[in-house]
2 protein chains.
Amino acid sequence: MTRELGGGRTASGVVGRPTVHDVAREAGVSLATVDRVLNERPGVRKVTAQRVADAMERLGYQRDMAAANLSKRRHYRLVFILAAGTNSFMHMLRDAVSGTASFTSADRIELETILVPPFDGPALAAALDRLDTSRIEGVAMVATDAPEVRDAIARLVAKGIHVLTLVSDAPTSKRAKFVGVDNVVAGRTAAGLLGRCCPLPGRIAIVMGSSLLRDHVERRLGFETVIAREYPHLTCLSPIEGRDDSETVARLLSARLAADPEIVGIYSLGAGNGGIVQALRQRQGQRRISVVVHELTRSARTALIDGTFDAVINQDAGHEVRSAVRILKSLIDGRPTFDAQEKISIDIFMRDNLP
Amino acid sequence: MTRELGGGRTASGVVGRPTVHDVAREAGVSLATVDRVLNERPGVRKVTAQRVADAMERLGYQRDMAAANLSKRRHYRLVFILAAGTNSFMHMLRDAVSGTASFTSADRIELETILVPPFDGPALAAALDRLDTSRIEGVAMVATDAPEVRDAIARLVAKGIHVLTLVSDAPTSKRAKFVGVDNVVAGRTAAGLLGRCCPLPGRIAIVMGSSLLRDHVERRLGFETVIAREYPHLTCLSPIEGRDDSETVARLLSARLAADPEIVGIYSLGAGNGGIVQALRQRQGQRRISVVVHELTRSARTALIDGTFDAVINQDAGHEVRSAVRILKSLIDGRPTFDAQEKISIDIFMRDNLP
DNA sequence: CAAAATCTGATGTACGTTCATCAGAATGGA
DNA sequence: TCCATTCTGATGAACGTACATCAGATTTTG
């Protein structure tokens, strides 16, 4: 009925978690030796090191990171590399980083944001190479999946920097982990929603930002797979590349809608929700088009309320940033990460569950 | 393009965040006085205290909690009070607590779980009164919304214990905060989903656990409101109280389904998903019934895959527990909580986005 | 077997905070 | 003005760890 944690005894015999003193006593060595083992300093024979390791094992010793960091005067310096530009989701990410920063500073974690031009592999790679690797220990970036970027990541990792991809992955790079939603699943979900909203046969317009962005490619893949398999009365048109820019999206989508009167649904898997709304509004009052988009931006929210959009698939920027921070800290501390706990889930918003 | 945090200088003039020493110097008082102010110890004139407060303000002093806790040998001892019984969601909560415990122990946070009989206000109140208030500083409970519980919470709060409600609230109690989803919204969402899945007129069966549980009551409210307003072709039947028990749910729901052939949809807002599946399976192959339930349990997952359920509304037990821990820690430390960040969102699962 | 090389122990300081103690200063009242 | 009260300062030990130094022990090498 009751579960307790902790145990062991300190040097003074009082109950509490074991300290280096306990380990030293248990292993029959001095504090200095335990310290050398713990911090992988030279000058300890293998046998002795093993004795110490065994003692730590036996006692269930866990190094007190707070005390260690205090002593080391350590600061975790993390860098977030995000895309510049006006797109709403990136703004939300930026805000999430600065919002998180004010909290993590209490834990000696400092966050810095660097903006790079969007859709630009070389620029991102250059920014990575420009990082002062002696001052930072972790990087989280919204990756462009380009060869230069993969190489730059490899260089960082080689220098001992811990690297994460955020929101959009570079799967074949050396990044330690990816923090973000499963974008194939996101695309599948969108298909399930849009499929149910389009009972009549017709065509689906797909709007994406760039096929350089892994997340967009994956969403499209998931979407088209499910539409083809489960909603045979619907056909996907070749995607419009709106470069995550509302103006461009509005222009290209308007043209597409004008050209093809058989479009019954729109799936926008990138940014530029405002452009979708604009294009739909321009259109003469014909048959209703069902719409599923990504990211709960301001325009998406109002479009949901007034019925222009049917559903919005969202990823919580705050969750993602905090998760990235936690993971980077764990990596830096050399602690295991609890992956199940860091999975970022997909939020579906409709009119009735708007927050 | 770049944002940095931190600043100030230490006693030694090196850059870093300000310490008590800096505050003392800035205020022109001794370390001891700063300490007295900081820890609200007696023996400081109001004017002096103000001088110190001003200095802290000017320097942007932030107490280093890690160092403080180290010095104080502080352990955060938190208690989670959950409902006993076999229901899957409670199991997930229990697992979430023990899973979280292994991580928080690195931060000197110890979690203990206490189980109480479900739907039993007096039992919960008794458990609260039985807590050793000298050993713990925070409590999170799945509340039964009963007067005894409210009183017991008030007694705890009076003793300086920080109290949270988890998953199910007791809104008129003295609990500091509620951690869980907005259950009215959850009910509304369910209605939106079920409404779209039931195009033909008919009746909706509602299955709940107990009207003593605030979360169930709120979900029902949200659900019935939206159905009445937006789906006039559907009528809600009076709820079945299945006491969150699969057997009971199966029995009562089978009877209801047999008695009323016009049921086109089921909304189960409590536990006992297995019972729903069972009742539907027993039924002779008549017209399909659409189903929306809560919590992604094992049986809900398989039912989603085989098409028995249309959608599952889920709350992430892990998120909730971790959020509760963070909030309790902030309360104990006397730090502000970032509420926007602690909002628990509602997950909607359909066949296509199962994790 | 002695000298050189390597390993280990003892010790002290530091990190930023808490807490206790004691002496001394400022304040208030008579 | 003097004494009793408050207030304030100085100091030192502690929390658990990191890191440096030096002396002494042990092992390895020639």
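Quick caveat, the model's predicted, so the values are computed rather than measured. Each chain gets a letter, A, B and so on, in the order the sequences are listed, and its residues count up from 1.
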For atom CZ of B:R25 and atom P of D:dA10, their distance in whole Å: 14 Å
cation_pi(B:R74, B:Y76) dist<6.0 Å, angle<=45: yes
B:R63 and its side chain to side chain donor-acceptor pair (under 3.5 Å) partner, picked from B:N39, B:T19, B:D333: B:N39
Distance, rounded to the nearest Å, where B:R73 contributes CZ and C:dT18 contributes P: 15 Å
For atom CG of B:D35 and atom P of D:dT11, their distance in whole Å: 16 Å
Atom pair distance, as rounded to whole Å: CG in B:N69 and C1' in D:dG16: 13 Å
Check nucleotides 7-10 of chain C against the protein and report each pair of N or O atoms closer than 3.5 Å, with its distance, or say if there are none.
residue, atom, partner, partner atom, Å
C:dC7, O3', A:R45, NE, 3.4
C:dT8, OP1, A:R45, NE, 3.4
C:dT8, OP1, A:R45, NH2, 3.4
C:dT8, OP1, A:T48, OG1, 2.1
C:dT8, OP2, A:R45, N, 2.8
C:dG9, OP2, A:S30, N, 2.8
C:dG9, OP2, A:S30, OG, 3.2
C:dG9, OP2, A:T33, OG1, 2.5
C:dG9, N7, A:R36, NH2, 2.8

Separation of atom CZ in A:R17 from atom C1' in D:dC15, rounded to whole Å: 12 Å
Contacts of A:S330 that satisfy side chain to side chain donor-acceptor pair (under 3.5 Å) - sequence neighbours left out: none
Atom pair CG/CD of B:L328 and B:E137 - distance to nearest 0.5 Å: 10.0 Å
Protein-nucleotide distance (B:R74, atom CZ; D:dG16, atom C1'), rounded to Å: 17 Å
A:E57 atom CD: more than 12 heavy-atom contacts under 6.0 Å: no
Among D:dA18, C:dG16, D:dT17, the one nearest A:Y61 by side-chain distance: D:dT17
Phosphate OP1/OP2 of D:dG16 contacted by A:R63 side-chain N/O (<4.0 Å): no
Side chain of A:S71 - closest among D:dC19, C:dT18, C:dC15: C:dC15
Pair listing, ring pair (Phe, Tyr, Trp, His ring centres under 6.0 Å) test, anchored in residues 89-111 of chain A, at least two apart: A:F103-B:F338
Bend angle of the helix from C:dC1-D:dG30 to C:dA30-D:dT1, end axes from five pairs each (to 10°): 30°
Nearest heavy atoms of A:L82 and A:L166, plus distance in Å: CD2-CD2, 4.3 Å
Nearest-angstrom distance from the residue atom NZ of B:K46 to C1' of C:dT27: 15 Å
Listed once per pair and sorted, the salt bridge (charged side-chain N to carboxylate O under 4.0 Å, His left out) pairs that draw on residues 169-178 of chain B, sequence neighbours left out: B:D169-B:R175, B:K177-B:D339
Any residue meeting side-chain contact (heavy atoms from CB on, under 4.5 Å) with B:S30, in chain and number order, not counting sequence neighbours: B:A32, B:T33
Nearest-Å distance for atom pair NE2/P, residues B:H21 and D:dG12: 13 Å
